[in-house]
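Structure record follows, encoded as structure tokens.
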Amino acid sequence: MGGYVTKTTSSFTPDLFDSSPFAALRVSDTIGEIVRYQAAHRTDEPWCYLLHGHDPDEPVQFGTLCREAERVAALLQELGVRPGDRVLIMLPTGRPILQALFGTWLAGAVAVPTYPPLLLPKGLLCALAAATATRTYAPAKWVIDRFLRQPFVHHWRQGRKVGRPLMTMLEGFQRLSRYVDQQVHVCQTSRPAVVIAERDFGPVCRTAARFLPEAPAFVAASDLLRGTAQLRPPSLDGSATALIQFTSGSTGVQKGVVLSHRAILANIRAFGEAVQPGPDDKVVSWLPLYHDMGLIGVTLGSLALSMGAYLMSPTDFTRDPIRWIWALHQCRATISVANNSAIGRLARMCRIAPRRFEHHPTYGQGGRLDLSRLRIMMNGAEPVTVQAMEAFQREFGQFGLRREALSPVYGLAEMALAVSFPDLAAPYRVCRQRGEEWVSVGRPLQGFEIRITDGEGDQLPAGRLGEVIVDGPSLMDGYFGDQEATAQVIRERDGRRWLHTGDEGMIDSAGELYITGRLKETVIKGGRNYAPAHLEEVIETVEGVRPGRTVVFGVTDVRSGTQRVVAVVELVDLHRHEPLRETLMREIRARVDDVYRPAGGTVLDQVLLVAPGTLSKTTSGKRMRLDARERFLRGEFG
């Protein structure tokens, strides 16, 4: 997995300055060399601003970043970290996570970013600490899990009286235990030498560490810069492992994607060619730094390509999405990124309360929202839908957002990040056929190739649906510690290694790629294929349905030989809509049938209305359809 050598393979001379945004990439084989190059040539230039309040914090300069990262790297070496050792990083968006990430890379170690428990109340974390100290965590988890599977619990969950407060407490503990289980899996898979986290996250770290043969060292975020040792620069080349990026787990168990320095820099170089950064470009993002799009696309991409970056906490975005839109205005952003759920949510908010976007006394200093500077608004990380794209353009076009700026993209953690990118000079394309509509996610990046194959692995012609397979310079080395899973997705053909993505898609006659869904999740009923993402989006247009909190999946009907289509739908307020339950279910079915026009009967065989917070999501906010299906089969939704 790693390529450690006796000397570095690239060098630079500080007094020769190349102002090109690709200058650092041209002379660097590792992320550490990128950091040092930028520190040597752009020492006092601001790189990154953190958006915690109404105004950006003091900027992180290229030179300051390097100095702070070197101190962290020296601390890690003092703790015995060697090149190739893993460092688990459990931190929110902020200065410490930047210090930890770049310090890890300067030490020659492997960064393993993971989701911090920001949305869990401190009371629950204290309860976890007590349960871990008294060794009662595992028994309590066992009892609560089995209690919540009992048939009568469904009625308590829906009720208002005695059972509801108890259910709230038990479900909170269950959410905590699921999060701990994820972190135990991440720790057991990556086997870190050091864990860097906020001090408040200690209970989670200690609980997860109990399942390891040897406990890792713990470093609190506040102690990162307290070391006094001198860094001994390691010798490594581009084939050394830089990152273990855990997949979201939306289609199964989280797997650790192993990425080399060379793969990451190759991807940045490729999407940089597509973006064509200029000296005035500014990137604003709320995406988390434990996610490939936020970490590689925004943080590493902006650093390597010399673009100013403005980073907002995903927690702040979740609480008040309008802050992001106004940050685009306030920071004069030219580039930003989001996912389809966020774009759809903002469009709905603007339609319902347009005045909150026209003027904002705090974020906009009383001025009118202006999005005219945006030249790229990427939409990726989950299926892109026509409805969300058109709604966003319709609502925000009045504020200067150009249709050409909306850029649907496609990528995977297994390819570091990006795979395809649209033409920035033209509006996004839409394909409509067989009653469905799909958004083009552009063409392959330079140096990448995309094919559509059938079940036998043979390439299909333009216009045919099949599995998307990808080849390119940023392909992962494999899944960490899981050769079997690696062999299932990386297969050799014609002397090349192809990633079998598990995504269903089509390439049209112009070479544009359209992603239609996940092969595992596509529901087939009566000989017709239904993409769950499209069904969910239609359902969420019904008033009273909670945006982004619907899951659709298929269940095999043995008698008919086809699948039944099940929708689990969270309501904004279950009790307020209780008297209208039957009306809501009829409206949901009618809305879907209106769009899909089935030949006979109805598309949705079963609609389950549930309370807010019932459905689980991945660490990157994706819907967990397979998890919901398993819970449905166990009878958890009633």
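- Between L513 and Y410 the shortest side-chain heavy-atom distance falls below 4.5 Å.
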Worked verdict on K255 versus Q245 for side-chain contact (heavy atoms from CB on, under 4.5 Å): CA-CA 8 Å; K255 294 184 281 291; Q245 172 75 50; over 6 Å; no

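- Rounded to the nearest 0.5 angstrom, I343 CD1 and M378 CE are separated by 11.0 Å.
- With values rounded to the nearest 0.5 angstrom, R345 atom CZ is found 9.5 Å from I322 atom CD1.
- Residues L374 and I335 share a closest heavy-atom pair of CD2-N, 3.9 Å.
- Put simply, the side chain of I452 does not reach to within 4.5 Å of the side chain of M506, judged on heavy atoms.
- Among C350, S372, P354, the one residue that satisfies the side-chain contact (heavy atoms from CB on, under 4.5 Å) test with F399 is C350.
- For the residue pair T501 / E467, no side-chain donor-acceptor distance below 3.5 Å is found, with atom types taken as modelled.
- Summarising the geometry of P422 relative to V409, their closest heavy-atom pair is CD-CG1, 3.9 Å, with the distance given to 0.1 Å.
- Using cut-offs of 30° and 60° on the angle between ring planes, the pair W286 and F317 is parallel.
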Assess the residue pair F357 and F396 against the criterion (ring pair (Phe, Tyr, Trp, His ring centres under 6.0 Å)); give the C-alpha distance rounded to whole Å, side-chain angles, the decisive distance to 0.1 Å, and a yes or no. CA-CA 9 Å; F357 295 87; F396 290 100; 5.4 Å; yes

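- S341 and N339 are not linked by any side-chain donor-acceptor pair at a separation below 3.5 angstrom, with hydrogens and angles left out of the test.
- Q183 places no side-chain N or O within donor-acceptor distance of the main-chain N or O of V204, the cut-off being under 3.5 Å.
- For the pair E587 and R591, the salt-bridge criterion is met [side-chain N within less than 4.0 Å of a carboxylate O].
- Comment: E358 does not engage R368 in a salt bridge, judged by the lack of any side-chain N to carboxylate O separation of less than 4.0 angstrom.
- A side-chain N or O of E504 and one of T516 form a donor-acceptor pair less than 3.5 Å apart.
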Apply side chain to side chain donor-acceptor pair (under 3.5 Å) to residues S336 and W324 and explain how you reach the verdict. CA-CA 10 Å; S336 193; W324 169 57; 3.1 Å; yes

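- Side-chain atoms of D292 do not come within 3.5 Å of backbone N or O of I296 as any donor-acceptor pair.
- Nearest approach of P547 to R348, heavy atoms of both residues: CB-NH2, 2.8 Å.
- The neighbour count for R589 CZ, taken as heavy atoms of other residues, nucleotides or ligands under 6.0 Å away, is above 12.
- Under the 3.5 Å distance criterion, the side-chain polar atoms of R403 are left unmatched by any main-chain donor or acceptor of R394.
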Check step by step if side-chain contact (heavy atoms from CB on, under 4.5 Å) holds for L571 and L584. CA-CA 10 Å; L571 299 182; L584 260 177; 4.0 Å; yes

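- Distance alone, capped at 3.5 Å, is enough to place a donor-acceptor pair between the R629 side chain and the G554 backbone.
- Contact between E395 and A347 at its shortest, heavy atoms only, is CG-O, 3.5 Å.
- In summary, the aromatic rings of F632 and F553 are positioned with their centroids under 6.0 Å apart.
- Using a cut-off of 4.0 Å between Lys/Arg side-chain N and Asp/Glu carboxylate O, R623 and E537 are scored as not salt-bridged.
- Other residues, nucleotides and ligands contribute at most 12 non-hydrogen atoms within 6.0 Å of the CZ atom of R464.
- Between V386 and R432, the closest side-chain pair of non-hydrogen atoms falls below 4.5 Å.
- Interatomic distance, CG of L311 versus CG of L51, reported as 7.5 Å (0.5 Å rounding).
- In terms of modelled atom types and a separation under 3.5 Å, the side chain of T614 and the main chain of V610 share no donor-acceptor contact.
- Counting heavy atoms from C-beta outward, L406 and L401 have side chains that approach closer than 4.5 Å.
- Remark: L535 CG to L604 CG distance equals 6.5 Å, nearest 0.5 Å.
- No hydrogens or angles considered: nothing links the side chains of E536 and T550 as a donor-acceptor pair under 3.5 Å.
- Rounded to the nearest 0.5 Å, atoms CZ (R323) and CG (L328) are 13.0 Å apart.
- Side-chain atoms of Y428 and N379 include no donor-acceptor pair closer than 3.5 Å.
- The shortest side-chain heavy-atom distance between Y514 and V441 does not fall under the 4.5 Å cut-off.
- A side-chain donor-acceptor contact under 3.5 Å links D605 to the backbone of V565.
- Annotation: side chain of R332 is not in contact with side chain of V284 (no heavy-atom distance under 4.5 Å).
- Contact between T93 and S313 at its shortest, heavy atoms only, is CB-CA, 4.1 Å.
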Please walk me through it: do F246 and T114 pass side-chain contact (heavy atoms from CB on, under 4.5 Å)? CA-CA 8 Å; F246 276 84; T114 188; over 6 Å; no

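- Between D423 and R443, no side-chain nitrogen of the basic residue sits less than 4.0 Å from a carboxylate oxygen of the acidic one, so the salt-bridge criterion is not met.
- For the pair L369/I325, a side-chain contact is recorded, criterion being any heavy-atom separation below 4.5 Å from C-beta on.
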Report the C-alpha distance between M389 and T385 in whole Å, list the side-chain angles of each, state the deciding distance to 0.1 Å, and finish with yes or no for side-chain contact (heavy atoms from CB on, under 4.5 Å). CA-CA 6 Å; M389 294 287 285; T385 61; over 6 Å; no

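- For the pair Q387 and T541, the minimum side-chain heavy-atom distance is below 4.5 Å.
- For the pair E437 (side chain) and V430 (backbone), a donor-acceptor distance under 3.5 Å is absent.
- What you find for L287 and G294 is that their closest heavy atoms are CB-CA, 3.9 Å.
- To the nearest 0.5 Å, the span separating CE on M377 from CD on E404 amounts to 14.5 Å.
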